[in-house]
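Below you'll find the structure, written out as structure tokens, and then a few comments.
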Amino acid sequence: MYQIKTEQFSGPLDLLLQLIENQKLDISQVSLAQVTDQYLAYLDEVKDISATELADFLVVATKLLVIKSKILLPQTIDEEEDSAEELEAQLKIYKDYQEASKIIEKIIGQKRFSFSRERIAFQFEPAFSPPPQLNAKVLSDVFGEILKRIEYVVSLPQKVMERTVSLREMVTNIREHLREIGKTNFYQVLKNAKSRTEVVVCFMALLELIKQGEVVVKQKGVFDEIMVESIKS
Amino acid sequence: MSIENQIESLLFISHKPLSIKELAKLMSVEIEEIKNALAELEKKYETRAGGIKLLKIDDKYQMATAGDSGEIVKKFIKSEMTGELTRPSLEALTVIAYRGPISKAELEIIRGVNCSLILRNLLMRGLIEAEEDKKKAVTAYRITFDFLKYLGLSKVEELPDFEKLNRNNNLEKLLQGVENINN
Amino acid sequence: MSIENQIESLLFISHKPLSIKELAKLMSVEIEEIKNALAELEKKYETRAGGIKLLKIDDKYQMATAGDSGEIVKKFIKSEMTGELTRPSLEALTVIAYRGPISKAELEIIRGVNCSLILRNLLMRGLIEAEEDKKKAVTAYRITFDFLKYLGLSKVEELPDFEKLNRNNNLEKLLQGVENINN
């Protein structure tokens, strides 16, 4: 399998873009589906990804799976059109700005810095000149407001963690679905899926099972039902 | 003395960017007159292409040394400016430079990652500034003169492909789509 | 870049007059070349008759505002030096009052924005003072005795709710958290 350098990506779109470019593909739903496995493999391998970023990487992972499922199972998922087109469009736009950022990096790299004066260019005697309306009460009020704002800033990493944890739970659900799907018809399971997320979870589970060689998937024709057979049973 | 010359004097001595509004108030002159004089001044500085530049961000102006003198001025004032930026910072700054004033939500759609921490970091470094849009009740971010000085440009409009990246039609569509999902 | 432009940049950024010798040394250029470039520059400034003048005092050169702008320049300085503080300045002053002596970095972490310009303004108005912390090799800021007196207090501990506001859990967490990130 293609080896991904364990470098720090500036975000999930950056990773996705590099995977696509490494294979010399254009951005399309088909190419997104093609790199989905590598994308997931990267998420499995990389250890130093921060909690903040992991949440965003996982969001894109689910979108990728929706796209992949859409291409492989065109008859089951038709309301996912938007999500797939959205990621494709998002990635194209991101590419534009990422390329621009490389140009900006070069411009800065030329070190053609401009400078402005830091003090007023005028000789005058500094004199104590307090704001007329200011008093101690105003100061304590203002400080109180600053502290309130800080409360939010301090809680920020916590909020990100919570989001990541809920996404992690989803991944755990996949493992649970693994057993179930191994013994049943995949199409049946999909039919019962209540949300887009559940569809994705099921599909992810199926892909994992195939990868691990626990099941084989059979389909007679393009629009026929997909039969899942467990190899071990 | 002409309004143009007075503005030039003020921009020369000032240690901070001055807005059209501030200038109008200081000089007790109509906004329109200030705008016209500034447009003239801008043109002159551009044509002269001398050692002093007139920088512009939205309705604010500041004088600065030309990028070509960067090295010698840096040495003279013993500045420690390196222009070093991490990739995520660079990406965020690029998007804000081309599309500012821009909301956090919009920036995050383009970058695909949560940008709370990076925005805070750039605010503390003085490379971007935040402004409350009271009508829409959102915070808008734009680059500062300090970042413009990293680039050695007079205004963001001088960035390559500015027109295209400033108004990206695909993005407008995408943004609408995301708003719909969020609602 | 032309020597003339570089000289113009240096004269613009410098707070004191520069001699031909100084310029020659700074730029590693022959005295003659500097002289010629300066002569050109002088001619240009004279012809332009704009808001900036190029003054020659003995063998030293300096840029200054044109004489006619004197009044408006004074008005600008007065507006900078007097009157009420802007909201960002007020916040910075408050943090320095309750948490001083405090470094610029800490102040910026608490406020979440760059404070360079504000600190300079508060220093200029005599509301705060800077002090070198030799152990940590950083500059620390505190409010001045004049300002304390103006508030009718004899020490910062007399500020309303000083104990409660000075020791705040979230504040400590914030300052610590950022230290951890930096390490």
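As the structure is a computational prediction, the values presented were derived from the model and not from experiment. In what follows, chains carry the letters A, B, and so on, assigned in the order in which the sequence lines appear, proteins first and then strands, with residues in each chain numbered from 1.
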> Is there a donor-acceptor pair closer than 3.5 Å between any side-chain N or O of B/D59 and the backbone N or O of B/S19?
Replying inline: no

>> Please verify the inter-ring angle class for C/Y150 with C/F147; under 30° counts as parallel, over 60° as perpendicular, anything in between as tilted.
In response: parallel

>> So for C/A49, is it side chain, backbone, both, or neither that comes closer than 4.5 Å to the heavy atoms of chain B?
In response: backbone

> Measuring heavy-atom distances to chain C, does B/L26 have an atom under 4.5 Å in its side chain, in its backbone, in both, or in neither?
Replying inline: both

>> Taking side chain to side chain contact (heavy atoms under 4.5 Å, CB included) as the criterion, tell me which of B/L119, B/N114, B/V113 meets it with B/S116.
In response: B/N114

> Where on C/I72 is there a heavy atom nearer than 4.5 Å to chain B: the side chain, the backbone, both, or neither?
Replying inline: both

> Can you tell which of B/L127, B/I128, B/V73 has the highest number of heavy-atom pairs within less than 4.5 Å of chain C?
Replying inline: B/V73

>> Is C/S14 in contact with chain B via its backbone, its side chain, both, or neither, using a 4.5 Å heavy-atom distance?
In response: both

> Any ion pair linking C/E4 and C/K44 (charged N to carboxylate O, less than 4.0 Å)?
Replying inline: yes

> Under a 4.0 Å N-O cut-off, is there an ion pair linking B/E42 with B/K155?
Replying inline: yes

> Side chain, backbone, both or neither: which part of B/A64 has a non-hydrogen atom closer than 4.5 Å to chain C?
Replying inline: backbone

>> Does C/E163, at its CD atom, have more than 12 non-hydrogen atoms belonging to other residues, nucleotides or ligands within less than 6.0 Å?
In response: no

>> Please rank B/E71, B/E8, B/E129 by heavy-atom pairs under 4.5 Å with chain C and give me the top one.
In response: B/E8

> Who wins among B/K53, B/R48, B/K25 for the most heavy-atom pairs under 4.5 Å with chain C?
Replying inline: B/R48

> C/L107 versus chain B, heavy atoms under 4.5 Å apart: side chain, backbone, both or neither?
Replying inline: neither

> At a heavy-atom separation under 4.5 Å, does B/L18 approach chain C through its side chain, its backbone, both, or neither?
Replying inline: side chain

> Side chains of C/E172 and C/R167: does their closest heavy-atom pair fall under 4.5 Å?
Replying inline: yes

